[in-house]
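Structure record follows, encoded as structure tokens.
The basis for the numbers below is simple: all heavy atoms, side chains too, and nothing from hydrogens, waters or symmetry mates. First the proteins, then the strands, lettered A, B, ... as listed; each starts at 1.
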Number of protein chains: 2
Amino acid sequence: MSVQLPIHQPGLALVRGPDHACAGDPAASHDKPLRVGDLARLTNKTVRALHLYEELQLLEPLERSKGGFRLYAGDSVTRVRFISKLQDLGFSLGDIREIVRSWSAAGSAPDAMARMRDLYRAKLEHTRAQVERLRALELELAASLSYLETCDTCDPNRLIASCCSCDKRATDEAAPELVAGLSAH
Amino acid sequence: MSVQLPIHQPGLALVRGPDHACAGDPAASHDKPLRVGDLARLTNKTVRALHLYEELQLLEPLERSKGGFRLYAGDSVTRVRFISKLQDLGFSLGDIREIVRSWSAAGSAPDAMARMRDLYRAKLEHTRAQVERLRALELELAASLSYLETCDTCDPNRLIASCCSCDKRATDEAAPELVAGLSAH
DNA sequence: CTGAAACCTCACGTTCGCGTAAGGGTCAGA
DNA sequence: TCTGACCCTTACGCGAACGTGAGGTTTCAG
């Protein structure tokens with residue numbers, strides 16, 4: 001058995017106050033460096049995942065120890081959480097690689113900002129649409145549930161095949177797709 | 001080049017009125033049968049996907065033509081859309097197989113209903129949580145965007161590395177993680 | 001009766017995001 | 001110095017959801 005399972009938090013207390021993990025922050029480098037296991041604990045990732053992010057050039061240790069151990073600065077926590085959030089937004093790791101590449105390859109600051117704005121604007125729209133779709137599904141789930149509620153009073157010997165055309169139900173009451181689909185071929 | 005790309009709708013007009021695709025509906029079987037390509041068009045899936053669903057026992061043609069062509073009834077559209085919605089809710093095809101198996105294997109109707117209710121209730125909670133997470137991300141995206149707006153007035157020669165500690169910005173204005181992460185290591 | 005479009009069954013290939021060994025070195029406290 | 005907890009690289013595996021031929025058959029409009 002290895003230690004690859006997401007490890008549960010030990011003494012967790014963020015290196016410094018939250019909401020203040022900006023890059024190039026001079027104070028960050030004065031802390032004792034994090035080893036990959038520490039970073040994994042702090043970000044709730046596995047060591048393997050962090051290695052992968054490095055392979056894909058999404059993450060890089062500040063330096064290596066004499067013996068080859070990866071040593072991270074405190075802002076790597078921000079970096080990893082940044083990666084996770086982009087993942088949650090629907091970006092693949094490859095997408096994220098392109099994003100950070102385009103960021104650091106930009107000629108000027110306003111140029112980089114403009115690209116990010118376009119990207120984030122598009123993703124914002126997409127995210128809103130996604131939320132709408134999920135909320136619609138949520139409503140349909142709720143409708144299906146209330147539809148199924150009425151079945152509590154049903155005769156236990158009744159056959160399942162007849163569920164969709166039940167005489168206990170008004171004929172104009174259509175079954176939601178999440179219920180109707182169960183008996184369709 | 002093959003014809004596996006999702007084909008755009010032709011004359012699409014659902015076989016009968018919408019919201020009325022209940023299983024065992026006698027009228028449905030009188031329509032001319034759908035072939036797999038038709039079903040693909042109507043559901044916006046590829047033929048290969050429908051074949052896969054059949055392999056996994058999620059979908060079954062009403063019958064086969066003399067020559068072996070799959071022939072579907074109208075309610076297969078409902079079935080496929082049902083599958084898609086469950087997928088959108090986060091169920092894998094394997095999960096869905098279990099769901100329909102458990103449905104048709106249930107002893108009695110109320111029994112089957114009860115299981116579905118439990119399942120749907122759990123998924124409803126999970127979906128609501130998912131919506132909340134997405135909405136939080138949406139807010140953060142919006143915050144990041146407005147943060148990036150202020151960069152429009154920036155000097156084009158300014159370096160990207162200094163973006164997070166910009167003198168044009170109040171020092172107490174922390175960068176959102178979606179921005180800060182870009183410059184973190 | 002034809003020909004093109006659509007269909008059939010294998011069966012291997014692909015992308016993603018890691019998991020899981022194997023076979024070693026390193027670090028830090030007692 | 002020892003030892004146990006961590007870390008290193010390399011590399012194969014996996015489950016999900018199809019994509020993509022290959023090689024051959026069936027339909028159906030004209």
Side-chain angles (χ1 to χ4, degrees), chain A residues 1-8 10-11 32-72 76 80 83-99, chain B residues 1-8 10-11 32-72 76 80 83-99:
Chain A
M1 280 187 195
S2 77
V3 202
Q4 288 298 60
L5 304 161
I7 314 160
H8 59 292
K32 55 185 134 190
L34 300 169
R35 302 200 311 196
V36 71
D38 302 328
L39 186 55
R41 265 181 291 272
L42 288 173
T43 58
N44 206 32
K45 295 274 173 187
T46 66
V47 169
R48 173 62 176 125
L50 299 180
H51 284 168
L52 177 66
Y53 298 162
E54 187 173 338
E55 278 179 45
L56 298 180
Q57 317 192 44
L58 305 182
L59 179 66
E60 213 183 3
L62 198 58
E63 53 176 348
R64 295 282 189 133
S65 80
K66 207 173 166 184
F69 283 24
R70 274 165 257 255
L71 299 179
Y72 298 93
S76 291
V80 175
I83 294 172
S84 294
K85 290 193 174 180
L86 288 184
Q87 277 188 291
D88 288 347
L89 283 171
F91 290 105
S92 73
L93 294 183
D95 292 338
I96 304 179
R97 189 179 58 65
E98 279 312 295
I99 291 174
Chain B
M1 281 187 194
S2 77
V3 202
Q4 288 297 60
L5 304 161
I7 315 162
H8 60 292
K32 54 185 132 190
L34 300 169
R35 302 201 311 198
V36 71
D38 303 328
L39 185 55
R41 265 181 291 273
L42 288 172
T43 59
N44 205 31
K45 295 274 174 187
T46 65
V47 170
R48 172 60 176 132
L50 298 180
H51 285 168
L52 178 65
Y53 298 163
E54 188 173 337
E55 278 180 44
L56 298 181
Q57 316 193 44
L58 305 182
L59 178 67
E60 213 183 3
L62 198 57
E63 55 177 348
R64 294 282 189 134
S65 80
K66 209 175 166 184
F69 282 25
R70 274 165 257 254
L71 299 178
Y72 298 92
S76 291
V80 175
I83 293 172
S84 293
K85 289 191 175 182
L86 288 183
Q87 276 187 292
D88 287 347
L89 283 171
F91 291 106
S92 73
L93 294 183
D95 292 339
I96 304 178
R97 189 180 58 66
E98 279 312 294
I99 291 174

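A heavy atom lying under 4.0 Å from DNA chain C marks the following residues of residues 51-60 of chain A, by number: A:Leu52, A:Tyr53. For the segment residues 86-99 of chain B, residues with any heavy atom less than 4.0 angstrom from an atom of DNA chain D are, sorted by number, B:Gln87, B:Ser92, B:Leu93.
Within the 4.0 Å cut-off from OP1 or OP2 of D:dG19, at least one side-chain nitrogen or oxygen of B:Thr46 is found.
The environment of CD in A:Gln57 is sparse: at most 12 heavy-atom neighbours from other residues, nucleotides or ligands sit within 6.0 Å.
When A:Leu52, A:Leu39, A:Ile83, A:Leu50 are each tested for a side-chain contact (heavy atoms from CB on, under 4.5 Å) with A:Lys45, only one passes: A:Leu50.
What separates CZ of B:Arg48 from C1' of D:dA22 is a distance of 14 Å, to the nearest Å. D:dC6 atom C1' lies 14 Å from atom CG of A:Leu34, rounded to whole Å. Look at CZ on A:Arg41: it is 13 Å from P on D:dA5, rounded to the nearest Å. The nearest whole Å value for the distance from the CZ atom in B:Arg70 to the C1' atom in D:dT27 is 16 Å. Protein atom CD1 of B:Ile83 is 14 Å distant from nucleotide atom C1' of D:dC18, rounded to whole Å.
Between B:Asp38 and B:Arg41, at least one side-chain N (NZ, or NE/NH1/NH2) sits under 4.0 Å from a carboxylate O, which counts as a salt bridge.
A donor-acceptor contact shorter than 3.5 Å is absent between the side chain of A:Asp88 and the backbone of A:Lys85.
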*When you check every protein heavy atom under 4.0 Å of nucleotides 22-28 of chain C, what one-letter string (B, S, -) results, 5' to 3'?*
---BSS-
